[in-house]
Peer 1: 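Please read through the structure below; I'll follow up with questions.
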Amino acid sequence: MLNVAVMGYGVVGSGVCEVIRTNAKSLCEKLGDSVRVKYVLDIKEVNPNDPEASQIIRDFDILLNDPEISVVAEVMGGATFAYDYTKKLLLAGKHVVTSNKELVATKGTELLKIAKEKNVNYLFEASVGGGIPIIRPLYSCLAANEINRITGILNGTTNYILTKMFRDGSDFETALKEAQEKGYAERNPSADVDGIDACRKIAILASLVFGKEVECNKVKTVGITDITEADVAYAEKMNAVIKLIGQAEMKENKVYVSVEPRIIAKGTPLASIDDVFNGIMVNGNAIGEVVFYGPGAGKLPTASAVVADIIDCLRNDRNREYFWTEAEDDFVADSQYNSGRYLIITDQAEAVEEKLPVCERVVIKAGECGLVTDVITEHELSNISSYAKKYIKLCE
Ligand code: HSE
């Protein structure tokens, strides 16, 4: 019998237990032994009829001190208790797998170092892209490449909201409420709609592929709360949609990284990724371009990735060595130097055109217009901020 423990009995935790229970037979065939969730750590009351009711414990030390437990899934979220427990587990020589992007993004450098020293795994496939395989493919399948750019729709909740705004003309609040009811949204919706969740995810991907920690506070982050019906109309007039895009690009030994709503032409790979789905486009110098696509949030898709990591630990009792070194000053470029083409919405078109290279005017109503610029830096953009009602970057 292979015993594992789950910390946190929320949406993902109950999904992990469900997948292990439902797929018990095939997991046993794959591992040559049966797997059971011996403990579920949670402080909240659990219905006595819940299938895991008899596994619930409230005392972390029980699982920490049980030699039968070699693998623990941390799906509690947050970076306080989860950090303390994960650290103790790794130091005690237990593998930890997680969906907790906040913890990986903020403490991953330290936790990976401890895992390496203790020759155990700290795996986090579920932390980015929900059920989409992305961490392991980036680390293993694309290992031959120098990755130069990652561009992704990394947050299911905001993609769901934006899809509803474009497809159904929904307002923001209604679409957010639906996403929360479906269990996609974070407990605090700000983490989704303000881009914080996507920021953590692009920081994790960038740290992994570029080898040094990319700190979240260095990532220019803008959410979707200011996206209006008028913005939707401008995008539609441009035969495009708006998506919340996380991007990290390596240029001349610096990483340019951002999370922001961007206008994407219909017909391009990320434009057609709708609802709660995520899509991650990776550019490497051997593969060219590859796109990973799938359910980016939700109970069972996320549990699928967590349980895959559990299986990996049970199969390979060794360090997978995901690793990045500590953050360094100047590794992440100042966002002033981020560049691209922009849609600038203004009622002073001539003034903007005098200062910036504009290649197209988009008009949806009298009295203002959208100006599509050539490639400019954010610094150049800031020069016309007093004339702009709003600007949205294009994704090309
Ligand atoms: N709230 C997150 C999202 C959950 O909507 O993508 C998955 O990380």
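In listed order, ligands and their atoms are each counted from 1. Index from 1, following the sequence.
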Peer 1: Can you tell which of D197, I202, I245, I204 makes a side chain to side chain contact (heavy atoms under 4.5 Å, CB included) with L154?
Peer 2: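 Exactly one pass, corresponding to I202.
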Peer 1: At a 4.0 angstrom heavy-atom cut-off, what protein residues surround ligand 1?
Peer 2: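 If the criterion is a heavy atom under 4.0 Å, then ligand 1 touches K101, N155, G156, T157, Y184, A185, E186, D192, D197, K201, G296, A297.
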Peer 1: Is it possible for you to check whether K254 lies under 6.0 Å from the centre of the six-membered ring of F331, through NZ or CZ, and within 45° of that ring's axis?
Peer 2: no
Peer 1: Under a 4.0 Å threshold between the charged nitrogen and the carboxylate oxygen, would K177 count as salt-bridged to E181?
Peer 2: yes
Peer 1: Can you check whether Y85 reaches M76 side chain to side chain, under 4.5 Å on heavy atoms?
Peer 2: yes
Peer 1: Test your reading of the model: is there a side-chain donor-acceptor pair from N285 to the backbone of E146, 3.5 Å cut-off?
Peer 2: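 Checking the backbone N and O of E146 against the side chain of N285, a donor-acceptor pair under 3.5 Å is found.
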Peer 1: Excluding sequence neighbours, so at least two apart, what forms ring pair (Phe, Tyr, Trp, His ring centres under 6.0 Å) with Y83?
Peer 2: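 Y83 satisfies ring pair (Phe, Tyr, Trp, His ring centres under 6.0 Å) with no residue once adjacent residues are dropped.
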